[in-house]
Each structure stands twice: as structure tokens, then as C-alpha cells.
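Excluded from the calculations below are hydrogen atoms, water molecules and symmetry mates; all remaining heavy atoms, backbone and side chain alike, are included. Computed from a prediction, not measured in an experiment: that's the story for all the values here.
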Amino acid sequence: MLQTETTETQGLEAQPISPELAIQHRRMVEAILFASENPLSVEDIAERVPEGVDVAAHIEDLREAYAHAGVNIVQVAGKYMFRTADDLSFLLRREVDEPRKLSRAAVETMAIIAYHQPVTRAEIEEIRGVSISKGTLDVLMEAGWARMMGRKRTPGRPVTYGTTEDFLVHFGIETIKDLPGVQELKAAGLLDSVDAALDKMGGMPNPAKALEEAEGQIDLEEAIAMSERAEQSAAEPDEDIDAEIEDEDDRAEP
């Protein structure tokens, strides 16, 4: 319900204003509250509307009008602001996306994975010259840029890492073969300070070889299946050995 608004001039009694003007004043108060990122006091709003506007009365009208809407006008610390209705807050929680800035270690690790994949953790540490924490790889996999590709057919069968489809989508490339080469990076001025590091690494790797190298490793599912078969085989008794022991016992009897 729109309250009656009055205006007072010097030396005269308060005079009621027209309903049309009162509605316009309320719209002003509503617009100011809607556009503000921070809570506003009655005084803050009064400074932006024509002199004599009953800001407090209009705020009460608006609070009543929005009481059952998707957004409400709430009072916090003596000030007012629009806020999503409490029973609808879960809708916005699903839309919140907080960007996370990768650490320098994570960026370097991701670059090594992109150009050297499939690559093991030990190989990443050898290239960087320092050890990496398990959390660094976890962050990259959580971001959806890196994944476990398989296991190398070397002692210990270490896990190898490579890029994901999300990585390609994020950087707008079709395949890892489209990653910029050493000449392109130098032309962009990105390798001026790391030539020594590249020499230590044996030069810029060729991403096109990644798929060929991936064929020389064991798939993770295959490795798990092999491990399970080995455990099952170890748990089963060896019938040939048992039969041989029984034959020896028979011959030993008088």
C-alpha cells in the first residue's frame, strides 16, 4: 500500500502531493537500492532524491511489496539492501564460480605435462629441477586439465600424466599437436629468459610424439586387472607341488 506523502515548504503547512508524484518518488528509492552493491541508509538515499521525499516511508512500502517476491529488501546494520529470498538462496549457490589462480609450480608442471606427455612425476621433477608436492598434481586434476593416462612399462610401473579435453577447450586448440612450437614462442618473446633451461631439457619437445609414446605404456585398467590376477594366482594352492609331496611321502613309507 502506497502511503500518503506530504511536502513542507518554509512558512507553510505540510501539503499532500499527488499519488503520481509519490509513485515516482518510490520508484527512485527502489532504483537506488537495486543499483547499489552495498547497504544504504535512509540518509544515503535522501541525498540522491528530491528534497522532502519521505524515504523511510517508501522503504517500508517497498519492503511490504517485496516480502513474498524472489528478492527482499532487508535491513542490515541499520541500512537497507536487496537480497535474494532466504528460501531461494540455494539456486544461486549452484551458479557461483570462484576462479582459482594457479601457483607458479602448478603452471610450470602443467606446461611440462602438456609438452612431454605422457610424463611421470619423477620426470616432471627432473625437468623442473625441484620436487613437486602431491597437491600440485591434485589441483591440476581437480581443475580438469590433467589426468592419469596409464603406467609406463618400466620398473615400478610409474603413473603417467597427460592433458584432458577440457585443457584443449580452455586454450582453444584441437589437439596437442597444435601447441605452439619453439619458434612461435620465441617470436612472442616468451623464451628469451629460459633458453638455458630448454638446453638442459634437451630442447623443446615435440607434442606430436606424445601419442606414439602413449602406446608404450600399460593402461591403468589393464594394470589393475593384472595385479588382481597375480594376487589370485598367489592365493591358490599349487596342485602339482602338492601331488609331488604326496608321491615322496608314499615312497618313504616301508
Side-chain angles (χ1 to χ4, degrees), residues 1-111 114 135-147 163-174 178 188 190:
M1 181 180 67
L2 181 63
Q3 300 182 10
T4 302
E5 185 178 6
T6 60
T7 182
E8 183 175 344
T9 58
Q10 186 174 6
L12 298 175
E13 295 181 359
Q15 299 292 329
I17 65 173
S18 66
E20 293 78 12
L21 187 56
I23 291 174
Q24 183 66 7
H25 288 167
R26 189 178 77 166
R27 292 178 65 234
M28 293 179 182
V29 174
E30 181 181 17
I32 293 171
L33 283 172
F34 180 82
S36 177
E37 296 181 356
N38 304 310
L40 298 174
S41 66
V42 172
E43 292 75 20
D44 293 333
I45 300 174
E47 292 177 358
R48 308 182 189 184
V49 297
E51 186 177 357
V53 173
D54 191 346
V55 175
H58 287 306
I59 289 178
E60 288 305 314
D61 283 343
L62 291 169
R63 293 186 69 178
E64 182 178 349
Y66 282 96
H68 302 290
V71 291
N72 308 139
I73 295 180
V74 297
Q75 184 176 12
V76 289
K79 299 182 179 181
Y80 300 90
M81 67 180 298
F82 273 100
R83 178 177 290 174
T84 304
D86 290 340
D87 61 330
L88 300 179
S89 59
F90 70 96
L91 295 172
L92 297 185
R93 292 195 188 102
R94 295 181 180 178
E95 300 298 331
V96 174
D97 184 14
E98 297 182 358
R100 298 178 60 183
K101 185 176 181 180
L102 293 179
S103 65
R104 180 172 180 177
V107 172
E108 292 176 354
T109 300
M110 190 67 246
T136 299
L137 290 171
D138 289 341
V139 166
L140 294 175
M141 288 191 288
E142 183 180 343
W145 287 5
R147 66 183 178 90
T163 54
T164 65
E165 181 178 331
D166 288 345
F167 173 84
L168 300 178
V169 171
H170 182 85
F171 289 97
I173 55 180
E174 186 173 352
D178 298 324
L190 299 177

Under the side chain to side chain donor-acceptor pair (under 3.5 Å) test, residues paired with Arg27 that sit two or more places apart
Gln24

Val49 and Val53: which non-hydrogen atoms are nearest, and at how many Å?
CG2-CB, 3.9 Å

Qualifying residues under salt bridge (charged side-chain N to carboxylate O under 4.0 Å, His left out), relative to Asp138, sequence neighbours excluded
Lys134

Interatomic spacing from CD1 in Ile45 to CG in Leu40 - rounded to 0.5 Å
5.0 Å

Side chain to side chain contact (heavy atoms under 4.5 Å, CB included) filter on Leu168, not counting sequence neighbours, yields Ile173, Ile176

Tell me every residue that passes side chain to side chain contact (heavy atoms under 4.5 Å, CB included) with Ala46, counting only those two or more places apart in sequence or in another chain.
Val55

Can you give the donor-acceptor pairs under 3.5 Å from side chains of residues 77-85 to other protein atoms, not counting sequence neighbours?
none

Students often mix this up, so state it plainly: with edges at 30° and 60°, are the rings of His170 and Trp145 parallel, tilted or perpendicular?
tilted

Check side chain to side chain donor-acceptor pair (under 3.5 Å) between Glu47 and all other residues, then give those that pass, not counting sequence neighbours.
none

From CD (Glu142) to CG (Leu140), nearest 0.5 Å:
10.0 Å

Are any of the side-chain heavy atoms of Pro39 and Gln75 separated by less than 4.5 Å?
no

Taking Ser89 for the side chain and Asp86 for the main chain, is one N or O donor matched with an acceptor at less than 3.5 Å?
yes

Distance in Å, Leu62 CG paired with Asn72 CG, rounded so as to fall on 0.5 Å steps:
12.0 Å

Could you go through Glu30 and His58, starting from their C-alpha distance and side-chain angles, then the distance that decides it, and tell me whether this counts as side chain to side chain contact (heavy atoms under 4.5 Å, CB included)?
CA-CA 8 Å; Glu30 181 181 17; His58 287 306; over 6 Å; no

Can you sort out the partners of Thr163 under side chain to side chain donor-acceptor pair (under 3.5 Å), two or more places apart, ordered by chain and number?
Gln117

Spacing of CD belonging to Glu60 relative to CG belonging to Asp54, to within rounding of 0.5 Å:
10.0 Å

Keeping Thr109 on the side-chain end and Ala105 on the backbone end, is there a donor-acceptor pair under 3.5 Å?
yes

Set of residues satisfying salt bridge (charged side-chain N to carboxylate O under 4.0 Å, His left out) with respect to Glu108, sequence neighbours excluded
Arg104, Arg128

Heavy-atom distance under 4.5 Å between the side chains of Met110 and Phe167, does that happen here?
yes

